[in-house]
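Since the structure comes first, as structure tokens, the remarks are kept for the end.
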2 protein chains.
Amino acid sequence: MNLKELASHLNLSQTTVSRALNGYPEVNKATRQRVEAAAREFNYTPNARAKGLATGRSMSIGHVIPTSSKREMVNPVFGDFITGASEAYVEAGYDLVLTLVEDGKEERLYRNIRDKGNVDGIIVHSPRMQDSRIALLSDLGLPFVVHGRASNITADYSWVDMNNRSAFERATAFLTELGHSRIALVNGLEFMDFAFRRREGYLAALAVRGIDPDPALMRQGEMTELLGHQSAQEMLAQPDPPTAFLTSSMVTAIGVRRAIQEAGLEMGRDVSVITHDDELAYLMNGQNVPLFTATRSSVRAAGRCAADMLLRMIADPDCGPLHSLLEAELILGNSTGPAPAAGEPKTVRQGQT
Amino acid sequence: MNLKELASHLNLSQTTVSRALNGYPEVNKATRQRVEAAAREFNYTPNARAKGLATGRSMSIGHVIPTSSKREMVNPVFGDFITGASEAYVEAGYDLVLTLVEDGKEERLYRNIRDKGNVDGIIVHSPRMQDSRIALLSDLGLPFVVHGRASNITADYSWVDMNNRSAFERATAFLTELGHSRIALVNGLEFMDFAFRRREGYLAALAVRGIDPDPALMRQGEMTELLGHQSAQEMLAQPDPPTAFLTSSMVTAIGVRRAIQEAGLEMGRDVSVITHDDELAYLMNGQNVPLFTATRSSVRAAGRCAADMLLRMIADPDCGPLHSLLEAELILGNSTGPAPAAGEPKTVRQGQT
DNA sequence: GCAGATTTCCAAAGCGCTTTAAATTTTTCT
DNA sequence: AGAAAAATTTAAAGCGCTTTGGAAATCTGC
């Protein structure tokens, strides 16, 4: 059933029916009700392509997520992010179109996306420190919101970000207060902006306490379980091993925990661990008592926030670049404790596997 | 730059330009080259909405994933699945539109999707055993492929599935061959079809060996780390605890491992664990030597396969329902070993937190 | 009861593309 | 060379909707 049929069935013009359905004022109340009833009865849904062509808006939002050919991996955080974003889209009648793009092919892609015209705005995922996409999108004149920021970009643009720096600064400070001074950082890839900021926070907190950062205690990589395991394993085997770990994701923390246990140590007593917790639905950090002490910030909430922001920008193009900085909370779990006394032979391996 | 402008710039009709660009034969070779050059030069990209309106095809595929209001969680498997599917879409010039839908609101949604007309086909995720969506979609006449199957549905439809039953049957048999008879199953929600099938396989293998299934050794739930931990913790505290676990996901297996370690036992010696491994990019199962013995099947490959299948169905609507059953391989890791001798006091807790 | 204001409706153009049917040009064959 | 056939191009209709510019109907107030 299309508009024409519906209109002729009602003995009305397409104009009137269209107006009635879209809430325009210049239509008789009785007529409107008649139209609405008929639309319901025949299950009429306007064709989105035609509507889009006529209105110039596509009622959908593009999410572009980068994947390099090397690390073809969709960040696990992504699922929760779009869960949040979707809420906003559903409420506003928007669709979500997803595009994966290989590093480097982005310029062409974005231009294409705009010219194809099937999205009204874009959410940019996983910005790197120096991200060419931002300048490009500004040029293209397509509304966009970045999930995260790009440190090395001076131009103003809209973003939603978690305060990575303060979160990790606080976590590090917390560890130093517990007496730790050998604190390891197992970070995400540091050309990613969020990871860079976390490192900054970590370094700042160390500096405050006059602790010299030790390159041997800093790792970065794709945030897998393996990264955590391998990093921790190697670091714990060092002559002067860390007594605490700061990790960038729950999955990595789990790897760290494994290495700690394999070394015959106990997490929370011999070695402390703090992780960032995105509150992913399938990876909740314990129940009542968190498993890991963590900096916590819901990525789902971030998704919701970014989507709302973008929709607002689309509705009012002049509302200017918007920003939203979400603060993480530091929650206490069982994975942290005071630094072991200096003399204690805490790194003796107990030959467990 | 739109077609009209491009055409007038070339002193050609829109028809010719359109044909040249879309590879129709009835256009002079020289003309075609001239057109193509101009299109490149001016960065011409046809407007997708207009094209869709004219052709009746939208060149995009819908992925609909269910979320109940209770468990608002996007299956972590999803990220990898679409990574695979995207490859196919990119190659074929299709877009991917994503819709989350609450349980129960699906009928309206699917009808809407069809009438709105902005997808040419649908991938159905997470089918339950008795899934009304399948009948509905068949009615609607929209091509679709199910990732998984719905056991209680007799009608024929297209699907891509991993052989859950045989995978778990084989894994269970493997454990019995190692001498285990107290084998626990920590499954996904069993109204989900894949989980049901896994249970069937598990039960079948037990039956072959004449082992009575023990309800106390069977759990189901959302496949989180917590589920694994809690289930294993409780089971290991039972009078006659399991000596082996079969889990439905890596994340759950990690929870099981945690419980095993907390009970002072060693995985692979005191207690064996086999998990299903979807080969998720961020949760690789070890490197050279797998961490867990596992039934392994790449969900990313499944995504690719499903997408290819759907595209084929769209290209040729009469190619009939297609099916693809992917077999999992059983890979050996460090988490399995012979069942401990009967008398051994293997469940003595060593009070480790 | 009627001019003017208001309300309600409609015909038609247009969004940017494809495609049918027909016109024009070029080639082929005798 | 000239008619028939083939190759190339075009004008115009149509996809399903919104929206502009009017027209028709109804309502005012005197």
Side-chain angles (χ1 to χ4, degrees), chain A residues 1-36 38-39 42-60 93-95 111-120, chain B residues 1-36 38-39 42-60 93-95 111-120:
Chain A
M1 169 73 66
N2 62 20
L3 185 63
K4 195 170 170 183
E5 289 162 12
L6 185 61
S8 85
H9 187 273
L10 282 163
N11 275 324
L12 287 170
S13 73
Q14 293 190 39
T15 310
T16 305
V17 176
S18 170
R19 281 183 169 150
L21 258 25
N22 290 314
Y24 282 68
E26 61 270 73
V27 43
N28 194 329
K29 195 165 181 182
T31 312
R32 164 165 288 139
Q33 283 171 352
R34 204 158 64 90
V35 171
E36 279 169 347
F42 297 113
N43 239 312
Y44 169 72
T45 307
N47 179 300
R49 289 194 298 270
K51 191 164 183 160
L53 187 53
T55 57
R57 290 178 313 133
S58 63
M59 297 303 282
S60 50
Y94 274 78
D95 280 338
R111 204 175 287 284
N112 252 25
I113 284 182
R114 191 216 23 199
D115 293 341
K116 276 173 66 175
N118 47 13
V119 305
D120 297 334
Chain B
M1 168 74 64
N2 61 20
L3 186 62
K4 195 170 170 182
E5 289 161 13
L6 184 62
S8 85
H9 187 274
L10 283 162
N11 275 324
L12 286 171
S13 72
Q14 293 190 38
T15 311
T16 304
V17 176
S18 169
R19 280 183 172 149
L21 259 24
N22 291 313
Y24 282 68
E26 59 269 74
V27 42
N28 193 329
K29 196 164 179 181
T31 312
R32 163 164 293 138
Q33 284 172 351
R34 203 159 62 90
V35 171
E36 279 167 350
F42 296 114
N43 238 311
Y44 169 73
T45 307
N47 179 300
R49 289 194 299 270
K51 191 163 185 162
L53 187 55
T55 57
R57 291 178 313 132
S58 62
M59 298 304 282
S60 51
Y94 275 77
D95 279 339
R111 204 175 287 285
N112 252 27
I113 284 180
R114 192 218 19 202
D115 293 342
K116 274 173 67 176
N118 47 15
V119 304
D120 296 335

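Labels below follow one simple rule: chain letters A, B, ... track the order of the sequence lines, proteins then strands, and each chain is numbered from 1.
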If only side-chain N and O atoms of [X] are considered, is one of them under 4.0 Å from the OP1 or OP2 phosphate oxygen of [N]?
{"X": "Asn22(A)", "N": "dT18(D)", "value": "yes"}
{"X": "Lys51(A)", "N": "dT18(D)", "value": "yes"}
{"X": "Thr31(A)", "N": "dC9(C)", "value": "yes"}
{"X": "Thr16(A)", "N": "dC10(C)", "value": "yes"}
{"X": "Ser18(A)", "N": "dT18(D)", "value": "yes"}
{"X": "Thr15(A)", "N": "dC9(C)", "value": "no"}

Minimum-distance pair of heavy atoms, taken over all atoms of [X] and [Y]:
{"X": "Leu6(A)", "Y": "Ala38(A)", "value": "CD1-CB, 4.0 Å"}
{"X": "Lys116(A)", "Y": "Thr45(B)", "value": "CG-CG2, 3.7 Å"}
{"X": "Asn22(B)", "Y": "Lys51(B)", "value": "OD1-NZ, 3.5 Å"}

Could you give the [atom1]-to-[atom2] distance, from [X] to [N], as a whole number of Å?
{"X": "Leu10(A)", "N": "dT8(C)", "atom1": "CG", "atom2": "C1'", "result": "16 Å"}
{"X": "Leu3(B)", "N": "dT18(C)", "atom1": "CG", "atom2": "P", "result": "6 Å"}
{"X": "Arg57(A)", "N": "dT19(D)", "atom1": "CZ", "atom2": "C1'", "result": "14 Å"}
{"X": "Arg32(B)", "N": "dA7(D)", "atom1": "CZ", "atom2": "P", "result": "14 Å"}
{"X": "Arg49(A)", "N": "dT18(C)", "atom1": "CZ", "atom2": "C1'", "result": "13 Å"}
{"X": "Asn2(B)", "N": "dC15(C)", "atom1": "CG", "atom2": "P", "result": "9 Å"}
{"X": "Asn28(B)", "N": "dT24(C)", "atom1": "CG", "atom2": "C1'", "result": "14 Å"}
{"X": "Tyr24(B)", "N": "dA21(C)", "atom1": "OH", "atom2": "C1'", "result": "15 Å"}

*Quick one: the side chain of Arg19(B) and the base of dT10(D), do they pair up donor-acceptor inside 3.5 Å?*
yes
_For Thr31(B), the option from Val17(B), Leu10(B), Leu12(B) that meets side chain to side chain contact (heavy atoms under 4.5 Å, CB included)_ =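 For Thr31(B), the side chain to side chain contact (heavy atoms under 4.5 Å, CB included) check succeeds only for Leu12(B).
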_Donor-acceptor pair, side chain of Asn28(A) and main chain of Ala30(A), under 3.5 angstrom_ =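 Yes; at least one donor-acceptor contact below 3.5 Å.
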*Between Gln14(A) and Asn11(B), which has a closest nucleotide on DNA chain D that is more 5'?*
Asn11(B)
*Which of the following nucleotides, dG16(C), dT9(D), dC10(C), is nearest to the side chain of Leu12(A)?*
dC10(C)
*asked:* Can you identify which nucleotide, out of dG16(C), dT18(D), dT19(C), has its nearest atom closest to the Leu53(A) side chain?
replied: dG16(C)
